[in-house]
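Remarks on the structure that follows.
Every chain is numbered from 1, with letters handed out A, B, ... down the list of sequences. Only this structure's heavy atoms are used, side chains among them; waters, hydrogens and symmetry mates stay out.
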Amino acid sequence: MIPPPNVTDVLHMGHMLNNTIQDILIRKARLDGKNACWVPGTDHASIATEAKVVRWLREEKKLRKADLSREQFMEYAYQWKDKYGGIILQQLRRLGASCDWERTAFTMDPSYYNDVIRVFVDLYRKGKLYRGLRMVNWDPEAKTVLSNEEVLYNEEQSELFHIKYLLEGSATEGIVIATQRPETIFADVAVAVHPKDPRYSHLVGKNVLIPLIDRPIPVIADEYVDVEFGTGALKITPAHDPNDYEIGQRFNLPIIDTIDDDGRLNSQCAYAPIVGMDRFAARKHVKPALEASGHLVKIEDYRTKIGRSERTNSVVEPKLSLQWFVRMSELGEPALRAVLDREVQFFPDHFQNLYRNWMENLRDWCISRQLWWGQRIPAWYLKSDGLYKETHIFVAETAEEALEQAREATGNKQLSINDLRQDEDVLDTWASSWLWPISVFDGFSQPDGEIKYYYPTSVLVTGWDIIFFWVARMIMAGYEYMGQRPFQAVYFTGMVRDQKRRKMSKSLGNSPDALKLLDDYGADGVRYGLMSSAAAGGDILFDDKLCENGRNFCNKLWNALRLVKGWQVSDSAENTDEARKNALAVQWMREKFKQTLGEVDANFRSFRLSEALLALYGLIWDDFCSWYLEMIKPGFEKPIDRVTYEATLDLYADLMVALHPFMPFITEEIWHQLRERAAGQDCMMQQYPKSNGIIENEIIDRMNAYTNVVSASRDIRNQYQIKPKEEWQLFVQNTDSAKKLYEITGSGNIVAKLAHTSSVELTDSAPPNSIQFVSGSEQYYFLPKPENTTFDFAVDTAAEKEKILKELEYQRGFVKSVEAKLANERFVKSAPPHIIENERKKLSDGLARIKTLEESLEKIN
RNA sequence: GGGCGCAUAGCUCAGCUGGUUCAGAGCACCUGCCUUACAAGCAGGGGGUCGGAGGUUCGAAUCCUUCUGCGCCCA
């Protein structure tokens, strides 16, 4: 499942990471022979898009939203969407995203829109959707509700009033509360203290009187109260503060709403002198009154965050308003169980703790938004009831149906559509995107169609920041409407951060230009860069350097192609000997490939994609390029034998298929360059190489021994400043193990070729003037060819001796620890057999090595 | 206040079921090489005892407890 990006989005780092991961999974699935489907699309993103449209209207069309009708606005909004929306889908193609483009969906497509409405009606009929009070951000100037995003918080200077509420029946005893809003004390319904606060415990349960009006209210105890803040006593005003509202609900307290839509005190306010005044004027008025009555203890200067309307800059008033809610209790239960039972598996799995914590504390979901861009709520009210006082609600998919309901309910057959008013609000964006896995396969309108084939889907890839907004709700919708999970696995990506660990965002301006990155490093380079350090769930600190690695890797791949394609191929008979010698390298490379594929497969199964990529990177760069190609590379201006050449092309092509999910462009290109391909034959449609079959560890160990000898001789060249290309001689002490090591055809050739020696020969005695070294448990001698008398060098015996002594010391310590382990009865008794076996082998290898080292030391002496 | 996570090389991070594929990768650094695929490269090299303390175990970077220092989410 693709998380649909907002229709307003342009490609940024988060999208690139997210979609690269999805593309890797989808390409791998395709190569594994599965019918992989990846539905792309966009989300209408009500708030973000509406804000953009409003700005566009203001700047381009010189129009204000307030001057437009809803219909006009929507027309403009669709115009905007057609012109500027969905750019991101084009940009995703550049990244290589192999979506099923003909399936592109949009959460406001007519059919999708209908699904959302259908679900709303259905939930309402099932009693899982209701209308209730909720605290919203109210702009008293614009007289509109603001979304959280439209409220700007800034520190401002304010005053904290300490006001004494007298205990009922007492002239002196009382409780002092601290508030910034003395004009709201007439809406108070309680005073709350912390249950463990000794200062007030004796007052809990008693009544205190609101100053100036002397209305009694109870003193209650609640954990919410901060003992440190103010006086530790909090006035509870459910109508004018969200937290107070919560406490009021818990204690079943009444709600007294004293402020009208325009910010003026209304008749609910029992203190007559301020009724009709603006809230700030009222505050000014209350101050001297409290002072005169002796209730005002003191006023403190106070800095606090004040929320102001983005549009009018007026101070936002928390206000209770009627909103639509989805009842979460029943929906949440199966969704929680699904994750706990691993019906839906999270990667990394610790996110299920976060999920559980949230799901066990579910609050009902407010799904109405005071916007126009979105699915309009399909609820109608009788106009005669008056705005916001609706007692008759008709929820239906169409206005006609609602009218029908209204006629029936009122018994008035004469009602017309003009007597009804449709709810002005639209639905929360997530109330459409939670249906994505069902709706994109037409699951609601054609329940027996392709939804049957594609649902449940396999994997969802998304950021953990929307685990509640989106993931949890899709799971809920899945069980509610399909009776089963929407996906088997959820892969959580981390956030892309910059070098200072800040989240990359447009407002900070710290996000690299995604398109420029693609230009600079190529899509494959960027994909490599993103993936090489992106373990599931972990944030990635993005650095261009990572993409540089990716680009360099592409370059490496390309150069290897140049090398291989530059070879002349010979079919002549004398090359069969060459082929026999090369067979060892070919066989080794195949085993190594198989071994790595095993790791890659395991990594894919557990979504360790960066591990899989790094395994392939190492295989291709080190094993294939640095070792294998050098082993089989023909001499200057010499041809390569046909057998080895063909085997190499096959290996190379298979490597490209294996790497293809990660770097689709270059692998496709190289795959085509390697051989003539029939039309329609593509790398992306091949079969992923199989890791099955037993791995011949013996050949891998053997090759390890050879490459160690090569490395040791290169080290010596470095030390003695011997030119890499200068041909020397290499002898190995004639022992049973040495004979065995070099009995295989081609083994000596490989070592001699890579170490640039004329050959590797067995010798019974140390050749004079040779440099000794030990590799594995063999003793080697390295010396110039006899004719190369010009070469002037002296063996640094002291240094050689020191090196051997150091190595001896290490090996002896090593053997000692292994011996101690094996002598430990409890170890031998309780450790699994293969561990013990391994320890025994370590011991014998170590002992053989010590023996060789000791002999080597003697020779030097 | 509740919850989640992190601490391993100079930097960014891997390290799965506890055991020589356990201390690893890339970058950075040092030495030598423009070697007839590749200087965006090649060949070598130095560098960490796995945040501190305790415990479980024959055996701990890995499991448990605790402390310290960070980061995030919810309130």
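- Between A:Phe553 and A:Ile835, the residue anchored nearer the 5' end of RNA chain B, judged by the nucleotide with its closest heavy atom, is A:Ile835.
- Among the atoms of the strands shown, base atoms are found under 4.0 Å from some heavy atom of A:Asn718.
- Checked against B:rG44, B:rA37, B:rU21, the side chain of A:Asp715 finds its nearest nucleotide in B:rG44.
- Here B:rU21 presents its C1' atom at 15 Å from CG of A:Asp845, a figure rounded to the nearest Å.
- Ranked by how close their nearest RNA chain B nucleotide is to the 5' end, A:Leu629 and A:Asn357 are led by A:Asn357.
- Nucleotides B:rC13 and B:rU8 have their P atoms positioned 9 Å apart, rounded to a whole Å.
- Contact annotation for A:Asn549: backbone-only contact, meaning every heavy-atom pair under 4.0 Å involves sugar-phosphate atoms and none involves a base.
- Considering only side-chain atoms of A:Pro832, the nucleotide from B:rG19, B:rU20, B:rC58 that sits closest is B:rG19.
- The C1' atoms of B:rA53 and B:rU12 are separated by 29 Å, rounded to the nearest whole Å.
- Of all nucleotides present, only B:rA53 satisfies the Watson-Crick or G-U wobble test against B:rU65, with each distance under 3.5 Å.
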query: Step by step, would you call A:Asp524 with A:Arg551 a side chain to side chain contact (heavy atoms under 4.5 Å, CB included)?
result: CA-CA 7 Å; A:Asp524 286 341; A:Arg551 182 199 57 187; over 6 Å; no
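- If you take CD of A:Glu246 and P of B:rG1, they are 20 Å apart, rounded to a whole angstrom.
- Taking 4.0 angstrom as the limit, A:Lys842 places none of its side-chain polar atoms (N or O) nearer than this to OP1 or OP2 of B:rG19.
- Across all strands shown, B:rC58 forms a Watson-Crick or G-U wobble pair with B:rG19, both key distances being under 3.5 Å.
- Rounded to a whole angstrom, the distance from the P atom of B:rG15 to that of B:rC6 is 10 Å.
- Aromatic pair A:Phe351/A:Phe492: ring centres closer than 6.0 Å.
- Distance check on atom C1': B:rA7 versus B:rU49 gives 15 Å, rounded to whole Å.
- For A:Phe636, the listed nucleotide lying nearest its side chain is B:rU36; candidates were B:rU36, B:rA37, B:rU20.
- At a threshold of 4.0 angstrom between heavy atoms, the contacts of A:Leu614 with the nucleic acid are absent.
- Each of B:rG15, B:rG44, B:rU20 was ranked by its minimum atom distance to the side chain of A:Ser711; first place goes to B:rG44.
- Distances shown here put a side-chain N or O of A:Ser626 below 4.0 Å from the OP1 or OP2 atom of B:rA43.
- A:Ser711 and A:Asn708 share no side-chain donor-acceptor pair at under 3.5 Å.
- Across all strands shown, B:rA43 pairs with B:rU31; the Watson-Crick or G-U wobble distances both stay below 3.5 Å.
- Whole-Å rounding puts the A:Leu619 CG to B:rU21 C1' distance at 15 Å.
- Below 30°, between 30° and 60°, or above 60°: for A:Tyr617 and A:Tyr528 the angle between ring planes is between 30° and 60°, a tilted geometry.
- A 3.5 Å limit on both hydrogen-bonding distances identifies B:rG24 as the Watson-Crick or G-U partner of B:rC13.
- Nearest nucleotide to the A:Asn353 side chain, out of B:rG26, B:rC38, B:rC4: B:rC4.
- When rounded to the nearest whole Å, the span between NZ of A:Lys556 and C1' of B:rG41 equals 7 Å.
- For A:Phe624 and A:Tyr652, the ring centers sit closer than 6.0 Å to each other.
- Regarding A:Glu548, its CD atom lies at a distance of 20 Å from the P atom of B:rC38, rounded to whole Å.
- For the 3.5 Å distance criterion, the side chains of A:Trp588 and A:Asp623 fail to qualify, holding no donor opposite an acceptor.
- Pairing partner, B:rG48: none, since no Watson-Crick or wobble contact has both distances short of 3.5 Å.
- Using Watson-Crick or G-U wobble geometry with both donor-acceptor distances under 3.5 Å, B:rC72 finds its partner in B:rG3.
- On the C1' atoms, B:rG26 is 15 Å away from B:rG47, given to the nearest whole Å.
- Within the 4.0 angstrom heavy-atom criterion, only backbone atoms of the sugar-phosphate kind lie near A:Arg714; the bases stay farther away.
- Comparing B:rC64 with B:rA25, their C1' atoms sit 30 Å apart, to the nearest whole Å.
- Counting any heavy atom pair closer than 4.0 Å across all strands shown, A:Lys545 reaches sugar-phosphate atoms only and no base atom.
- Here the two rings, on A:Phe662 and A:Phe604, have centers that are under 6.0 Å apart.
- Looking at the side chain of A:Lys725, the nearest of the listed nucleotides B:rG5, B:rG19, B:rU35 is B:rU35.
- Among the nucleotides B:rC38, B:rC42, B:rA37, the one closest to any side-chain atom of A:Trp621 is B:rC42.
- Nearest nucleotide to the side chain of A:Lys633, out of B:rG19, B:rA37, B:rG32: B:rA37.
- At B:rC58, one or more side-chain N or O atoms of A:Arg826 fall inside 4.0 Å of OP1 or OP2 (strictly under the cut-off).
- In this structure, A:Asn361 reaches neither bases nor backbone, as no heavy-atom distance under 4.0 Å exists between it and the strands shown.
- Side-chain contact annotation: A:Gln595 with A:Glu591, donor-acceptor N/O pair under 3.5 Å absent.
- Of all nucleotides listed (B:rA40, B:rG32, B:rC58), B:rA40 comes nearest to the side chain of A:Asn552.
- Taking only side-chain atoms of A:Leu563, from C-beta outward, the nucleotide of B:rG15, B:rG44, B:rA37 with the closest atom is B:rA37.
- Among the heavy atoms of the strands lying under 4.0 Å from A:Glu630 is at least one base atom, whether or not backbone atoms are also near.
- Atom CG of A:Leu853 is separated from atom NZ of A:Lys806 by 13.5 Å, given to the nearest 0.5 angstrom.
- Regarding A:Leu354, its CG atom lies at a distance of 9 Å from the C1' atom of B:rC72, rounded to whole Å.
- In this entry the distance linking NZ of A:Lys841 with P of B:rU20 reads 14 Å, nearest Å.
- The residue A:Cys554 sits apart from the nucleic acid: no heavy atom pair falls under 4.0 Å.
- Distance noted for atom C1' between B:rC42 and B:rU35: 8 Å (whole Å).
- Contact annotation for A:Phe814: base contact, defined as any heavy-atom pair under 4.0 Å involving a base atom.
- The distance from atom OH of A:Tyr528 to atom P of B:rU12 is 19 Å, rounded to the nearest whole Å.
- Of the P atoms belonging to B:rG59 and B:rC73, the separation is 43 Å, rounded to the nearest Å.
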